[in-house]
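For the single chain, residues carry numbers from 1 onward in sequence order. These numbers come from a predicted model, not from an experiment.
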Amino acid sequence: MGSQPGSQPYLLSARSVVKHFGPTSVLKGFDLSIARGEVHAFLGGNGAGKSTLIKIISGQHERDGGTLEFDGEALGASVGAHRDAGAIAVVNQELALLPHLSVAENIAMPRLRRAARPYRERVAETIAMEALSLIDPRFARESVRRRVGDLTLHERQLVEIARSLGSGAKLLLLDEPTANLTAAETGRLFAVIRRLVADTELAVLFVSHRMREIRQIADVCTVIRDGKTAIDRVRLDCITDSEIIECMGQSIVPDDSAAKPGSPTPRAAARSDVSAAQHGAIVVKHAHISLTVAPGTIVGLAGAPTGPIALIETLTGTAAAHVWDVTCNGVPMIYANCAAAARAGVGFVSGDRANKGMLGTLPIIDNLMAARRIVERRYFARNEELMEGMGLIEALNMRVRSLWDLPSTLSGGTQQKLLVARWLALKPKLLVLEEPTRGVDIRTKREIYALIRKMAAQGTAVIWWSTEYIELAELCDRVLAFDLDGRPASVLHGEEVNEAQLANATGMAA
């Protein structure tokens, strides 16, 4: 794949990099070397310092110590000092698009600005079509003139990646780029990356928590743990997954509450001989498909994103048009908005934590209590909320310095646990989860799994959308599969819920 990984000189060398945020030390003398023509996996647990280092390399953060050398030249520590005409392109975990502009404008404007040319709509659309077609030609044809703010998170992720792929960069920094992509789109993205690496000697720094993807695309890996280098440039064919996970400090305590993948959970077995209607089951219908979601069960959604998104929007009161018929004990569940759905007992955890989940300008305590205040129609804090907030922090093992800090001080995994924690004490009738483990490490995934199982055991019905089939196989009693056009195709039960069957039912690779 391009030049041999490890060949000298390195395109990027980071040595003894240090970064502090107030009294918190995030990077403690970290080293990283990236060669031309390689895909370099950058691994570590949530909060280990991966995103911070990427922001330092791309000029978004200043470093407090250490050296950076790029393409044979030393880089200054000040923000923006090393922006070399787009030589370093980045896709951050939280996307950086302009929602009021079109897809074409978002993709083309950075390139046109660098070329000192006036903006021309037709030229911009041609650039955007070429970049997007590398990943999804159909989406490219349908979306170049659409406003980015009208796109789903899944679609915005494609736009962000396409903008970086078409930038002509020498170094591409990808922070969880596949977190909200389907398997087919991930495959196309990897094919594009391989071609660029082979043809142009592009260097890629790839951050992911999905070991299968890492082995599909990367040559070597570096592991960061607590801000320090735990593994430095080890070839992936010379190290096992378990060794990598151990170096990350992510050894997993077995979860005794977990059912074996593909088997009905104890919750479902306990309720199998009881009429679902007697327990307030929710019934969703669409054309020839009917699915009953009984209290205490976890039902998965798999397949092309347009299908799960349409159902989720109906359940949470955000659908522009209702294509699903949803009832509980024969009573329609149609809500004007998310607040009305929440007051009716429907909780929602968005996969887009930056734009639709976190309240970025409010402290952690307000984020924790947001759902309760909506349900109880309260707009002012109460003293007892601090006690409840501290209890949630401790119960969920969340690394939080102060309840009055902003959520931006938390790692991505801790932010995700915070979103789920909002609903823990409310015990909703239905909890709808949209890619709830997007961009979190292995330990945090297990903690979220345990949390959702606990809520289900207390009687909450759960609907879980995930693009990871192995996750659905482990967690779900049943899975509603959607075909490539987003239409509901079938419902898988019990032993049918496995990666092979899900791939077959959806027409998409596992």
* To do: Would you check if the side chain of Arg422 reaches a backbone N or O of Leu368 as a donor-acceptor pair within less than 3.5 Å?
  => no
* Taking side chain as C-beta onward, heavy atoms only, is Ile463 less than 4.5 Å from Leu431? -> no
* Asked: So how far is it from Ile298 CD1 to Leu472 CG, rounded to the nearest 0.5 Å?
  -> 10.5 Å
* Could you please spell out the steps behind the ring pair (Phe, Tyr, Trp, His ring centres under 6.0 Å) verdict for Phe21 and His61? => CA-CA 11 Å; Phe21 292 100; His61 283 339; 5.4 Å; yes
* Minimum heavy-atom distance between Lys50 and Ile224, given as atom pair plus value -> CG-CG2, 3.6 Å
* **Side-chain heavy atoms of Val103 within contact of Val148, under 4.5 Å** => yes
* For the pair Glu435 and Thr467, evaluate side-chain hydrogen bond (donor to acceptor under 3.5 Å, both in side chains) and give the outcome as yes or no after the intermediate values. => CA-CA 7 Å; Glu435 293 279 15; Thr467 54; 2.9 Å; yes
* Asked: Would Trp464 and Glu434 count as having a side-chain donor-acceptor pair, cut-off 3.5 Å?
  -> no
* To do: Kindly determine whether Gln416 and Thr437 satisfy side-chain hydrogen bond (donor to acceptor under 3.5 Å, both in side chains), including the steps that lead there.
  => CA-CA 7 Å; Gln416 204 67 23; Thr437 61; over 6 Å; no
* To do: Grab the two heavy atoms, one from Ile57 and one from Leu32, that are nearest each other, plus how far apart they are.
  => CD1-CD2, 4.2 Å
* To do: Would you mind checking if Arg401 and Asp405 are paired as a salt bridge, meaning a charged N to carboxylate O distance below 4.0 Å?
  => yes
* Below 4.0 angstrom, N of the basic side chain to O of the carboxylate: do Glu376 and Arg343 qualify? -> no
* Asked: Thr506 and Tyr469: side-chain hydrogen bond (donor to acceptor under 3.5 Å, both in side chains), yes or no, with the steps?
  -> CA-CA 11 Å; Thr506 61; Tyr469 291 168; 2.8 Å; yes
* Asked: With side chains defined as the heavy atoms from C-beta onward, is the minimum distance between Leu359 and Asp366 less than 4.5 Å?
  -> no
* In terms of side-chain geometry, is the basic nitrogen of Glu142 or Arg138 positioned less than 4.0 Å from the acidic oxygen of its partner? -> yes
* Could you give me the CA-CA distance, side-chain angles and deciding distance for Phe348 and Tyr335, then say whether ring pair (Phe, Tyr, Trp, His ring centres under 6.0 Å) is met? => CA-CA 13 Å; Phe348 176 52; Tyr335 308 111; over 10 Å; no
* Answer yes when Glu155 and Arg146 have at least one side-chain N-carboxylate O distance shorter than 4.0 Å, and no when they do not. => yes
* **Straight-line distance of Ser25 OG to Asp226 CG, nearest 0.5 Å** => 10.0 Å
* Closest non-hydrogen atom pair, Cys221 against Ile239 -> SG-CG2, 4.4 Å
* Structure fact -> The single option from Ile312, Leu291, Thr314, Ile334 that satisfies side-chain contact (heavy atoms from CB on, under 4.5 Å) with Trp324 is Thr314
* Structure fact -> Nearest heavy-atom contact between Thr52 and Leu27 is CG2-CD1, 4.1 Å
* For the student: nearest non-hydrogen atoms of Pro295 and Gly459, plus distance -> CB-O, 3.2 Å
* **Donor + acceptor pair across side chains of Ser466, Glu471 (<3.5 Å)** => yes
* Is Asp237 salt-bridged to Arg215, cutoff N-O under 4.0 Å? -> no
* Could you tell me whether the side chain of Phe30 reaches within less than 4.5 Å of the side chain of Thr222, counting heavy atoms only? => yes
* Taking atom NZ of Lys429 as the centre, report whether more than 12 heavy atoms of other residues, nucleotides or ligands fall under 6.0 Å from it. => yes
* Is Lys445 salt-bridged to Glu468, cutoff N-O under 4.0 Å? -> yes
* To do: Report yes if some heavy atom in the side chain of Met455 is under 4.5 Å from a heavy atom in the side chain of Lys427; otherwise report no.
  => no
* Check whether the side chains of Asp175 and Ser51 place a donor and an acceptor atom closer than 3.5 Å, and report yes or no. => yes
* Is Leu172 close to Leu205 at the side-chain level, that is, under 4.5 Å between some pair of heavy atoms? -> no
* Indicate yes or no: does Arg212 engage Glu499 in a salt bridge with an N to O separation below 4.0 Å. => yes
* Pairing of Glu388 and Arg372 as salt bridge, 4.0 angstrom limit -> yes
* To do: Using atom types as modelled and distance alone, determine if a side-chain donor or acceptor of Asp232 lies under 3.5 Å from a backbone N or O of Thr229.
  => no
* Side-chain heavy atoms of Val420 within contact of Ile452, under 4.5 Å -> yes
* Heavy atoms, side chains only, cut-off 4.5 Å: are Val299 and Val479 in contact? -> no
* Asked: Just by modelled atom types, is the Phe139 backbone N or O under 3.5 Å from a matching donor or acceptor in the Ser143 side chain?
  -> yes
